[in-house]
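Here is the structure we will look at.
In what follows, every chain begins at residue 1, and chains take the letters A, B, ... in the order their sequences are listed.
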Amino acid sequence: MEGASTKGVLSHLSLLEVQARSRKTQPQQPSRVKELKAKVEALLTQRDQLRAEIETHKNLKKLRASMDKWCTHEEEEEEEEEEEEEEEEEEEMDEDSENSKLLRLMARHTRLKDLLHAHHVIGGYNVIKTRQGKGMCVSLATAYEGVYLETYNLEIDLKPTVRISRHDVPPFIPLKNLAEQSSVQTDIRTLLDPLSRDLNAFAGRKQQLKLVKELHKSVEVMESNVLCSLLVLMFTVPKEKTLVLCSLDYTDRTRCLPTRVHFKCDDKELPDSPEWKKHRSLLMETPVHKALITMRKMGNIV
Amino acid sequence: MDDSTKLFLQRFMRRIPSYMLRTTLEKWGRLTAAQQKSIDFTQSKWALTEALLTICEENKLAMKHLIELEMIYIMDNPNQGMWYVLQLLDPEDDAHSVELMQFKEQFKSHLKELVRHVSIKIKNHTDQAVWIRIAWGDAFSRPNHLKPTFGVHYLQTPYVFVTNLTSKQKPLLSQAVVLSTRYQAIKDANLSGRKLTAIRDLLMRKYQQVFPTKYPSPLAENNQTISNPHIVKEQAEPAANRLHMACKAFGGGALPQLQSAVYKLKTKFRDDPNKTMTEREEPFRCVVKFESTNLLESLRHCASSGIASTPVTPLLSCIPLKGRNYFVITDNDSGPSSQTHQPQN
């Protein structure tokens, strides 16, 4: 500061100004260091994490490989055997038993996911080899609204040609026609997929009929058929006690919803009234047992 | 009431068991509550018949009302008489959308075209079956209500179950059914039995069948009795195998009750020591008939107990597989052929 006294107050002031200006840039440096240090920490932990993941992955692969090997050698394997083998493997791996248990679980999880994916790829059917590979048995499950219904089975010969030898599909499902129309020799799913669609639609319609009978006792089922492709119901209108005959045609057998809804009533005006027109479109778009609930809430049927 | 109506009622009363009478009359609904109460069902059949006759005359009931009564009784008790199955072939495009009213009208009009005097009554049953009662007459006589034919059909299936159908009446009924169901032809299904419900369940596959799935449901008849642990069954595994193959061929659980299976053989005699018979050129004609109160159950037991060899021969397993119990076996084919069978009445 010797210079300041020789140069005077103004020059001292300008020196201070310069110092103040440079101080603004200066404070970044120590925090910059802190920042960089923090970054180093983060990268270090990330590196450790990644190393641990690689380690786990390697062990998982080893486990999976041994699991798969055992499963291809013995198709119908007992749970105990699988665990036995894994116990042997355990000795070769980490001492930490909790780790290995976790790894076993993870290996099982990935294996199950792969199996599920394979099941999905073949169309979701349960298939079993029979007659030492010369035949197979396909199980087609049906479900409606989240409830599993009947399962149908097809026993198929694969050699010399693909041919259905036995089945428990009811006679009103045109299995023979579907088989003839499909290219079952090259791709069996051209038969299974349409058949499953028909069976599921049938199961859905049958379930709807059952629910109508259970939930709507005031609605009388006048006519139905074994294929459940035709349904005639009798409604009673609450106030005047008029009867309305409702026929539902399910001509598209691959669907659970009707293709045609028709009302017949002594009162000729009724089917054309706006309320009942709404009911018609409701019945065309919603499953019948649900549509009836709505119709009852609207007060148009008993 | 005229004499023929009276006779009909008398015959009907003789046929119906007493314990069924009250419920059948109630279902019929042609008696007032007072009249129904007035009948003493503990009387003898003869007395009951007289009582009923008086009531029917009071209500001015005619033949057409009485045949309703008969139909109600038969529909509730279908497992009597002998039922035969006819199979419809080659459906037209609109066969799957034939509905009840259409079928009724078409059947009646077609049959009336073929037979001048005929009385047809069609009713639909709760299990979606269509029941047809036909009393046949001809150009000169009125319909005979004492020998009616009954037919049962499930729409959208190819089967028609008939009882009391003579060979003369058969082509007439067949034609009417084919035209009204929109199929092109009809043939014998070669299946017959006393129990309508059994042959129907067999054809509709309504019994428990066993398939080689990974998680089969446990077989109902596989009673695992707690055995003495000191006793080891040597034959346990072969016995289990036989049971499994028997169930696979015939089914698990309760099986539809067939009464007989007939095999008509037109094969050459095969027995090496017997030179005189084996030297003959022509086939050795013989008929083999299996009879039982529950044929499929018996055959399954034969297979599971080892009397019949397993795997079950296709000659036996094709009874449930093809839904037939009449077969003609010739030398040319390894399995039973499908030849027609004339139902005898």
Side-chain angles (χ1 to χ4, degrees), chain A residues 75-76 119 125-132 135-141 150-156 164-177 198 202 205-206 209 213 220-232 245 247-253 259-260 262 264, chain B residues 85 87-91 93-104 123-130 152-160 181 189 200-217 248-252 311-312 314 317-318 320-323 335:
Chain A
E75 283 215 53
E76 265 113 50
H119 193 241
Y125 308 117
N126 286 327
V127 185
I128 280 255
K129 264 198 280 196
T130 60
R131 292 172 47 207
Q132 291 99 24
M136 67 182 209
C137 181
V138 185
S139 298
L140 297 139
E150 300 247 349
T151 308
Y152 298 96
N153 302 282
L154 294 172
E155 227 184 306
I156 301 176
I164 301 175
S165 65
R166 205 159 75 92
H167 65 86
D168 61 355
V169 175
F172 40 82
I173 303 281
L175 177 59
K176 213 164 144 203
N177 281 358
D198 260 13
F202 162 64
R205 297 194 300 266
K206 191 163 140 193
L209 178 60
K213 284 186 179 164
E220 201 181 330
V221 177
M222 303 298 292
E223 190 187 322
S224 63
N225 62 350
V226 277
L227 180 56
C228 296
S229 63
L230 191 69
L231 189 57
V232 179
L245 204 68
S247 11
L248 300 155
D249 287 337
Y250 299 79
T251 41
D252 186 354
R253 289 183 332 258
T259 47
R260 187 176 155 263
H262 181 72
K264 200 165 145 187
Chain B
V85 186
Q87 186 172 349
L88 295 157
L89 304 166
D90 304 323
D93 291 330
D94 53 349
H96 282 279
S97 51
V98 170
E99 49 98 28
L100 187 63
M101 291 318 287
Q102 181 190 348
F103 172 74
K104 272 185 178 174
K123 238 174 124 68
N124 52 327
H125 200 32
T126 45
D127 68 345
Q128 302 157 334
V130 183
V152 182
H153 176 58
Y154 290 81
L155 289 172
Q156 278 81 47
T157 65
Y159 305 111
V160 183
T181 53
R200 178 203 64 198
D201 288 346
L202 188 67
L203 289 172
M204 303 287 214
R205 307 234 181 259
K206 269 215 174 104
Y207 59 101
Q208 185 194 335
Q209 287 178 276
V210 174
F211 284 90
T213 56
K214 194 158 191 180
Y215 305 103
S217 49
K248 208 178 127 182
F250 296 104
V312 180
S317 62
C318 65
L321 182 67
K322 298 204 177 150

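- Residues B:Q209 and A:H167 form no side-chain contact, since every pair of their non-hydrogen atoms from C-beta on lies 4.5 Å or further apart.
- Residue B:D94 places its CG atom among more than 12 non-hydrogen atoms of other residues, nucleotides or ligands, all under 6.0 Å distant.
- The OG atom of A:S247 lies 11.0 Å from the CE atom of B:M101; values are rounded to the nearest 0.5 Å.
- Using a 4.5 Å cut-off between heavy atoms, A:N126 makes no contact with chain B at all.
- No part of B:Y207 comes within reach of chain A, as not one of its non-hydrogen atoms sits under 4.5 angstrom from that chain.
- For A:S224, the parts lying near chain B are the backbone and the side chain together; criterion is any non-hydrogen pair under 4.5 Å.
- In this structure, the side chains of A:P171 and B:P158 come closer than 4.5 Å at one or more pairs of heavy atoms.
- With hydrogens and angles disregarded, a donor-acceptor distance shorter than 3.5 Å links the side chain of A:E223 to the backbone of B:L100.
- Looking at heavy atoms from C-beta onward, A:L227 lies out of side-chain contact with B:Q128 at the 4.5 angstrom threshold.
- Put simply, CZ on B:F211 and OG1 on A:T130 are 11.5 Å apart, with the number rounded to the nearest 0.5 Å.
- For A:V169, the part sitting under 4.5 Å from any heavy atom of chain B is the backbone (N, CA, C, O) and nothing else.
- Listed by chain and number, the residues in a salt bridge (charged side-chain N to carboxylate O under 4.0 Å, His left out) with A:D249 are A:R260 (sequence neighbours excluded).
- Rounded to the nearest 0.5 Å, atoms NE2 (B:H96) and OG (A:S229) are 9.0 Å apart.
- Counting heavy atoms from C-beta outward, B:Y154 and A:N225 have side chains that stay 4.5 Å or more apart.
- Residues satisfying the salt bridge (charged side-chain N to carboxylate O under 4.0 Å, His left out) test with A:E155, not counting sequence neighbours, are A:R166, B:K248.
- The nearest pair of heavy atoms linking B:L321 to A:S165 is CD1-O, 3.7 Å.
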Q.
Does A:V226 form a side chain to side chain contact (heavy atoms under 4.5 Å, CB included) with B:T157? I'd like the steps, not just the answer.
A. CA-CA 8 Å; A:V226 277; B:T157 65; 3.8 Å; yes
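- Contacts with chain A were tallied for B:R205, B:K206, B:M204; B:R205 has the most, counting heavy-atom pairs under 4.5 Å.
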